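A, B, ... follow the sequence lines: proteins, then strands. Residue 1 opens every chain. Quick caveat, the model's predicted, so the values are computed rather than measured.
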Amino acid sequence: MRHLYQIQAQVTTNPIPSMDPNLIAVKLIGVCASRASVRHGTLIFTHYLSSPNIFAYNAILKAFAQHNDWLSTLRYFNAQLVLPSAPDPDEYTFTSVLKACAGLAQEDEGRKVHCLVTKYGCHSNIFVRNSLVDLYFKVGCFEIAHNLFDEMTVRDVVSWNTLIFGLCLSGQVDKAQAVFDGMVERSLVSWSTMISGYAKVGDLKEARRLFEEMPERNVVSWNAMIAGYAQNEKYSDAVELFRRMQQVKGLAPNDVTLVSVLSACAHLGALDLGKWIDRFIRRRGIELGLFLGNALADMYAKCGCIEEAKGVFDKMHERDVISWSIIITGLAMNGHANEAFECFDKMVEHGVRPNDITFMGLLTACTHVGLVEKGLKYFDTMDHTYGIIPKIEHYGCVVDLLSRAGRLDEAEKLINSMPVEPNVIVWGALLGGCRIYKDIERGERVVRRILELESDHSGSYVYLANMYASLGRLDDAAKCRLRMRNNGVMKMPGCSWIEVDNVVYEFFMGDLSHPQSDKIFYMIRELRWKMKLAGYKPKTDLVVHNIDEEEKEDALSVHSEKLAIAFGLISTPEGTTIRIVKNLRVCNDCHDAIKIISKIVGREIVVRDRSRFHHFRDGRCSCNDYW
DNA sequence: CTAGGGTTAG
């Protein structure tokens, strides 16, 4: 980099008269683009060049386009058009500009550029034609794209790759495969396009088959496959493939790889791997761009390390709505509602427009601490001051907020007045309230509605059965469970993860498959005995009772989080924090038990629910038992 | 010129 400054200083102070300044600028901009410092290139362009020629314009546009800075590409292009002294655009100009339009999915802008292409006679250039086809596919004008493709007299691999990409994009993976099969010459891009095409429709088997079959792979092929897993909730597969990627010599993960893997870490709660990636980024000097910064901050937030998340956020030199939303949601999940509100105010001060997801964060913050009025105010504000129409998710959140606070009438009224059809989740939020406040009539009504929508909704059977049980109506509870079993409804199995020495271990309820099961169950017995001494009595009213007779075995009815915690206790050093991720909500009994365990063993235990964090320490939980 | 990336109720 210092070298660059020296060159620049030299050309600015003692220009070599025989050399064209444009030529020097083009070279410098090219170097800047490849070193990921486009900002420096712009400085050269604007301050050093008095009259940039077409080469200089194309160099700067290409630099922007390469770094996905499409807004700048269009800005410079439009400036070029209105400036009388600026050179006319040529085919190189158009390829960059069309790429920008495609990236921004701006149909109108794209059509305007298309007209200019014709006007300046660049229509027959194959680069431009390929870019046009790509653009029309990406803005959803499939017919125009196909027509342009059919009109082409000469087609190269890129043209065919663009076509299969377009077919995948319009959901016709089969047709894309047919074209792919018929291609005489396939490139790496053809294979990668098909892989991500299959991944996008969730066909990971086919994607993986192509991945294993392809003759050679580059970073993008690996990224496509890893991202495919991460986006289809196959987080462990994503991590596993990343590990395999690291074994490949001469192949280094890049920022795109890390974004996908960090997202997987966030979902798995794999803090160790996440931290490793953080160090990797620093060691390699990888720039913390928007995507990577956001992914890293979200990983920390979702692993319960909100301070680290804020640290990443502060370090980023560019932040967008997503960055702010990640922090707000992270604060909300970790129970720091007030900080979430403050963060929102700061965001508005910084002139960043909140979006629907930002409001989800704010509403969950309110839900997790029971701030009903505040939540209703935000719900009102989002439409009235920010023009964001509440989606079903927001209604679900507010119903949850009201229900937890016992305002069941209002919650039910809200559901009935919703402009969108309520779904199982919205009704489920109300059912949760019915369960807490033991409103059996309303609960039965709600369960009927839920089963109309989804006849095998296991949660509602379980909730209803528990409600009967807690009211002492054991016969009804038994009938409900029987009905559930007769209808072949299966409960979603509770599952917990814990990461020890970079390996994620998975536990199901009553799981005996772990090689250290004996030790784990011994630890559980020991804990039970100590808890009894500490005066702990198991609460049973909200606990799911055994549905099958066979499950009577004591050891088998242990919830997965207890198994994971016991395993954590025997396999990590004393005094260290134990972190668990669970796919369902922690039940009341486990919540109480973990509080006591944290006190008995003198350890902090962090449990990530499906919706929030519980930081257990010294017999207390950060959620203050409101969850 | 073509392929790969981040936030979202229970």
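Comparing B/dG5, B/dA9, B/dT2 by their nearest atom to the side chain of A/Asn68 picks out B/dG5. Out of B/dC1, B/dG10, B/dG5, the shortest distance to the side chain of A/Val158 is found at B/dC1. The side chain of A/Thr193 has B/dA3 as its nearest neighbour among B/dA9, B/dA3, B/dG4. Of the listed nucleotides (B/dG10, B/dC1, B/dT7), B/dG10 has the atom at the smallest distance from the side chain of A/Arg585. For A/Lys138, the listed nucleotide lying nearest its side chain is B/dA3; candidates were B/dG5, B/dA3, B/dC1. Side-chain proximity of A/Glu393 to the nucleotides B/dG10, B/dC1, B/dA9 is greatest for B/dA9. When the nucleotides B/dA3, B/dG4, B/dC1 are ranked by their closest atom to the side chain of A/Ala224, B/dG4 comes out on top. Proximity note for A/Ile357 (side chain, C-beta onward) versus B/dA9, B/dG10, B/dT8: the nearest is B/dT8. For A/Asp134, the listed nucleotide lying nearest its side chain is B/dA3; candidates were B/dA9, B/dG4, B/dA3. Proximity note for A/Arg404 (side chain, C-beta onward) versus B/dA3, B/dG10, B/dG5: the nearest is B/dG10.
For A/Ser260 and B/dG5, the shortest distance from a side-chain N or O to OP1 or OP2 is not below 4.0 Å. Dashed line: the shortest gap from a side-chain N or O of A/Ser196 to OP1 or OP2 of B/dG4 is under 4.0 Å. Taking 4.0 angstrom as the limit, A/Lys302 places a side-chain polar atom (N or O) nearer than this to OP1 or OP2 of B/dT8.
B/dG10 atom P lies 13 Å from atom CZ of A/Arg435, rounded to whole Å. Atom CE of A/Met333 is separated from atom P of B/dT7 by 11 Å (rounded to the nearest Å). In this entry the distance linking CG of A/Leu402 with P of B/dG10 reads 13 Å, nearest Å. At whole-Å resolution of the value, CG in A/Asp298 and P in B/dT8 are 6 Å apart. The separation between A/Leu61 atom CG and B/dC1 atom P is 12 Å, rounded to whole Å. Spacing between atom CH2 of A/Trp324 and atom C1' of B/dT8 amounts to 19 Å, rounded to whole angstrom units. Distance A/Glu233 CD to B/dT8 P: 11 Å, rounded to the nearest Å. Atom-to-atom, CH2 of A/Trp191 to P of B/dT2 comes out at 22 Å; the value is rounded to the nearest Å.
Here salt bridge (charged side-chain N to carboxylate O under 4.0 Å, His left out) pairs that include residues 131-140 of chain A, with residues two or more places apart or in two chains, are A/Asp134-A/Lys138. Among residues at least two apart or in separate chains, salt bridge (charged side-chain N to carboxylate O under 4.0 Å, His left out) pairs with a member in residues 210-228 of chain A are A/Arg208-A/Glu212, A/Arg209-A/Glu213, A/Glu212-A/Arg217, A/Glu212-A/Arg244.
Within 4.0 Å of A/Asn125, counting heavy atoms only, lies no atom of the nucleic acid at all. If you check every strand for non-hydrogen atoms under 4.0 Å, A/Ile326 touches sugar and phosphate atoms only. Residue A/Phe165 is classed as a sugar-phosphate contact, given heavy-atom separations below 4.0 Å to backbone atoms only. At a threshold of 4.0 angstrom between heavy atoms, the contacts of A/Leu163 with the nucleic acid are absent. Looking at heavy-atom distances under 4.0 Å, A/Asp609 makes no contact with the nucleic acid at all. Counting any heavy atom pair closer than 4.0 Å across all strands shown, A/Ala227 reaches sugar-phosphate atoms only and no base atom.
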Taking distance alone, no hydrogens or angles, what donor-acceptor pairs closer than 3.5 Å link side-chain atoms of residues 94-106 of chain A to residues at least two apart or in another chain?
unit_1, atom_1, unit_2, atom_2, d
A/Thr95, OG1, A/Glu91, O, 3.1
A/Thr95, OG1, A/Tyr92, O, 2.8

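Judged by atom type and distance alone, A/Asp400 does not reach the base of B/dG10 through any side-chain donor-acceptor pair under 3.5 Å. With hydrogens and angles ignored, no donor-acceptor pair closer than 3.5 Å exists between the side chain of A/Asn254 and the base of B/dG5.
A/Gln177 has its side chain out of reach of A/Val173: every pair of non-hydrogen atoms, C-beta onward, lies at least 4.5 Å apart. Using a 4.5 Å cut-off on side-chain heavy atoms (C-beta onward), A/Trp222 and A/Phe211 make contact.
Aromatic ring centres of A/Trp191 and A/Phe180: separated by under 6.0 Å.
A/Phe359 pairs in a ring pair (Phe, Tyr, Trp, His ring centres under 6.0 Å) with only one of the listed residues (A/Tyr386, A/Trp324, A/Phe379), which is A/Tyr386.
Residues passing the side chain to side chain donor-acceptor pair (under 3.5 Å) test with A/Ser560, sequence neighbours excluded: A/Ser496. Remark: A/Tyr136 pairs with A/His114 by the side chain to side chain donor-acceptor pair (under 3.5 Å) rule, at least two apart or across chains.
Applying a 4.0 Å cut-off to non-hydrogen atoms, the residues of residues 211-220 of chain A that approach DNA chain B are A/Asn218, A/Val220, listed by residue number.
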